[in-house]
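Since the structure comes first, as structure tokens, the remarks are kept for the end.
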Amino acid sequence: MSDLLTNLNVPQLQAVTLPPVHSLILAGAGSGKTRVLTTRIAWLMSTGQVGPHGVLAVTFTNKAAREMTARLSALVPINTRGMWIGTFHGLCNRLLRAHYREAGLPQTFQILDSADQLAMVKRLLKNLNIDDQKYPPRELCHFINAHKEQGVRAAQAEVYDNYTQKRVELYSEYETQCNREGVVDFAELLLRCYELLQRNEPLRKHYQERFRYILVDEFQDTNKLQYAWLKLLAGGGARVFAVGDDDQSIYAFRGAEVGNMREFERDWAGDNVIRLEQNYRSHGNILAAANALIKHNRERLGKNLWTDAGAGERIRAFEAYSDLDEARFVIDEIRELVRDGVPATQCAILYRSNAQSRVLEHELFAKGVPYKVYGGLRFFERQEIKHALAYLRLLGNADDDTAFLRVVNFPTRGIGARSLENLQATAHQINSSLYNAAASLSGKAGQTVGAFVRLIEVLRQETVNLPLPEMVEHVIEKSGLAQHYRTEKEGQERLENLDELINAAATFVDDEGTIGEGGALASFLAHASLEAGEHQAGEGQEAVQLMSVHAAKGLEFDVVFITGLEQGLFPHENSTAQGREGLEEERRLMYVAVTRARKRLYVSCAQTRMLHGQTRYCVPSAFLEEIPENLLLKLNKKGEAAAAPALSPSGGGLRIGQTVEHGRFGIGVIVASEGRGADARVQVNFGGSGLKWLALEYAKLTPV
DNA sequence: TGGGAGTGCTTTTTT
DNA sequence: AGCACTCCCA
């Protein structure tokens, strides 16, 4: 037990061994957050303060949950399998499966992923004859999710105009349809679970008494509903240990409320706030840059990272002529680093938006440098996998209309839009699922759809006693999916993925051992929805890592390149349009990016960049100026330190930053430009006269 | 049924 | 530019 605590620094030790109180751990980047969290659990258990049974540990991603479980098993000799360690969604799913009846759900309820949800909303709009231009499905999904994440049902939704009135009605229709089909979306998992606990006193008491210690990871990312859920569970005297970093809150755009941290501090943690400020990851200059940047944010709980690792190198800054030029610079540097012995996997290229990866990929490919892009299509989101899962879903729950529509005519069985319209009309009339309505259909449609229903029935009979992997295999084969992809030109990879699905089922059965409520199939399908699977592509061992800054959170690399540091891109214009809060979130994003680097950090920008098919002229990001000059090493074209501190000049006579005079507006500075030739326009800041866009062909601008 | 042309969108993303 | 989606025709 004592060696659990060795090698912890003072604040870490304090946090791990806190008495039974609510506490907030402000854990800076690279300060040993996960270590503290897992050691806390291990310490509580090994000192006999709680059994594995009494701990609830919540994370946001499956990866984080897995890591926590793995590290915990390494610390204490217990079986972590039965412990309640998981994601918010995973734990809610577990609870709802255990109490499906009380929650008003069928035993085999299925989980809609975002794509399923969108399909469902589109179908709903179609059935109700609603103009999807006026009510864009995506926007409606967001509307519904945002309400659920605030804990607001359609019945309680605030209506302030006709448009919202309609949207609330659609929200209500959507709820009805989900209930009819026996499916829940991601937000519903949480809300349904919350309502269940709130409504059902014996159940609530049971869990409140059971969980004595509740630990939350990445607390800054919790939304209102998640916070309410935590408070509800902790209402019976459990102690909450919340770990987070307000400076790394980068998910406000999807409902995360940093304010939860302050509220938690005020209402629960009180004086029990511990700051972990010693950073074990980055060299001094990198940390100094991060600290200097984040100081510009007003809304902070306050924290200053330090390290005893030494200053290290300065931050390399490079201003390229174009995005292509920037890509070349980055890739040349990487090639040199790799030549000098830096593992390619330790080099990461980060960008604000995924579209930026293309130029970089192009250049990497051209130079023959292996690379891996994160953020692509995930395994369980592939069409062939979703098709196979849809068949399986129908075996488990025939009322699942989303699954029904996905495969009723795939592979094609001559069931066209006409037949399906009839079917949907019939289903609507008799208020039943599409599957059940098929029997009431007459004519040709009745025959073809009837044949599909019989296919499902036969599949169900044939597989009812098969173990899960064989069931999956049987369905892939007998549904006609396998045959379809065998004849398709580029179906080979899809076939391999389908084989992989059979393997995934086998692994799932092995790992899971005892299968929860609802049987192996339902559990496997839930698993498929909740854990979309790691991006499969390119398991290259020696590959350069490419990802968005968001995707990089929680990771670290020896060498990091932050690219595209230009006004409008990073900080992104859509965010800065949202005022100070938007800009502050962008700055936190930059902070996350900077703190990913261990030894060397590059920051770069380009003067021109292709965006949406046209060249944009760019101004260097304000964030570059927020890094103290003395921490920067400005590079010239060859990647060596430039003689003069100035960034490289652009080609033409007029350039960004140039002071000009205009006959009417007077003296101004060029801040942006776009288009070329006769279309070329520049944006000039005339101070008191404001910002103006001027066409170069007409406006007389004289350099001053 | 399926392919080709036309249209519109485009920040970040986990579950 | 590039992609997803819709629509229309063979």
Side-chain angles (χ1 to χ4, degrees), chain A residues 58-65 86-93 111-119 122 126 132-133 136-139 141-142 145 148-149 184-191 193 217-218 221-223 225-226 249-256 323 350-359 362 374-378 380-381 383 409-418 488-489 526-535 547-554 564 568-578 582 585-586 588-590 592-593 609-616:
Chain A
V58 202
T59 64
F60 275 86
T61 66
N62 292 300
K63 200 173 152 203
T87 63
F88 279 100
H89 294 86
L91 296 173
C92 287
N93 174 54
I111 302 164
L112 300 180
D113 67 15
S114 331
D116 295 331
Q117 187 189 32
L118 185 65
K122 282 182 178 169
K126 204 161 205 169
D132 61 2
Q133 301 282 303
R138 269 172 207 289
E139 199 275 334
C141 279
H142 181 257
N145 294 337
K148 289 190 181 186
E149 280 161 10
V184 297
D185 58 44
F186 287 139
E188 183 72 25
L189 279 172
L190 279 136
L191 183 52
C193 185
D217 191 16
E218 306 275 17
D221 287 339
T222 51
N223 62 34
L225 178 57
Q226 286 158 340
S249 161
I250 55 174
Y251 286 112
F253 73 93
R254 65 170 198 228
D323 46 357
L350 309 185
Y351 32 77
R352 176 65 178 85
S353 70
N354 284 310
Q356 287 167 251
S357 77
R358 190 172 299 132
V359 202
H362 181 88
Y374 289 79
L377 193 60
R378 289 172 312 165
F380 286 107
E381 290 168 1
Q383 70 142 306
N409 198 34
F410 194 96
T412 49
R413 314 189 160 85
I415 301 174
R418 252 280 121 69
E488 200 184 71
K489 275 197 300 276
H527 165 81
S529 297
L530 289 172
E531 183 157 3
E534 295 307 301
H535 347 283
M547 67 195 81
S548 70
V549 181
H550 283 91
K553 189 172 154 203
L569 189 60
F570 197 1
H572 199 278
E573 52 204 359
N574 295 2
S575 294
T576 45
Q578 290 155 26
E585 174 141 327
E586 292 290 307
R588 291 193 292 269
L589 205 43
M590 179 68 182
V592 168
R609 180 175 298 276
M610 281 291 270
L611 210 66
H612 310 321
Q614 54 181 330
T615 308
R616 240 181 43 171

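First the proteins, then the strands, lettered A, B, ... as listed; each starts at 1.
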Q.
Rounding to an integer number of angstrom, what distance separates dA4(C) and dT13(B) when you compare their P atoms?
A. 16 Å

Is there any protein nitrogen or oxygen under 3.5 Å from a nitrogen or oxygen in nucleotides 1-5 of chain B, and what are the pairs?
from, atom 1, to, atom 2, distance (Å)
dT1(B), OP1, Asn409(A), ND2, 3.2
dT1(B), OP1, Gly414(A), N, 3.4
dT1(B), OP2, Asn409(A), ND2, 3.2

Q) Would Asp221(A) and Gln226(A) satisfy side-chain hydrogen bond (donor to acceptor under 3.5 Å, both in side chains), going step by step from the backbone distance to the final call? A) CA-CA 9 Å; Asp221(A) 287 339; Gln226(A) 286 158 340; over 6 Å; no

What is the distance, rounded to the nearest whole Å, between atom [atom1] of [X] and atom [atom2] of [N]?
X         : N       : atom1 : atom2 : value
Arg254(A) : dT15(B) : CZ    : P     : 8 Å
Lys63(A)  : dT14(B) : NZ    : C1'   : 13 Å
Asp116(A) : dT15(B) : CG    : C1'   : 13 Å
Phe88(A)  : dT14(B) : CZ    : P     : 16 Å
Phe60(A)  : dT14(B) : CZ    : P     : 13 Å
Tyr374(A) : dT13(B) : OH    : C1'   : 17 Å
Asp132(A) : dG8(B)  : CG    : C1'   : 13 Å

So, the side chain of [X] versus the backbone of [Y]: is there a donor-acceptor pair under 3.5 Å, distance only?
X         : Y         : answer
Asp323(A) : Met610(A) : yes
Asp132(A) : Pro136(A) : no
His572(A) : Arg352(A) : no

(Q) What contact category does Asn62(A) fall into here, base, sugar-phosphate, or nothing, at under 4.0 angstrom with non-hydrogen atoms? (A) sugar-phosphate

Q. Do the ring centers of Phe253(A) and His550(A) come within less than 6.0 Å of each other?
A. yes

At a cut-off of 3.5 Å, list every protein nitrogen or oxygen paired with a nitrogen or oxygen from nucleotides 9-12 of chain B, distance to 0.1 Å.
from, atom 1, to, atom 2, distance (Å)
dT11(B), O4', His572(A), NE2, 3.3
dT11(B), O2, Arg352(A), NH1, 3.1
dT11(B), O2, Arg352(A), NH2, 2.2
dT12(B), OP1, Asn354(A), N, 2.7
dT12(B), OP1, Asn354(A), ND2, 3.2
dT12(B), O4', Arg352(A), NH1, 2.9
dT12(B), O2, Arg352(A), NH2, 3.0

Would you please name every residue forming a side chain to side chain donor-acceptor pair (under 3.5 Å) with [X], sequence neighbours left out?
X         : value
Glu585(A) : Arg588(A)
Ser575(A) : Glu586(A)
Arg138(A) : none

Q.
For a quick check under 3.5 Å, do Gln356(A) and Ser353(A) share a side-chain donor-acceptor pair by atom type?
A. yes

Q.
Under 4.0 Å from a heavy atom of chain A: give me the 5'-most and 3'-most nucleotides of DNA chain C that qualify.
A. dA1(C) to dG2(C)

Q: Quick one: pull up CG in Asn145(A) and OG in Ser114(A) and give me the separation to the nearest 0.5 Å.
A: 8.0 Å

(Q) Less than 4.0 angstrom from a charged side-chain N to a carboxylate O is my criterion; do Glu149(A) and Arg254(A) meet it? (A) no

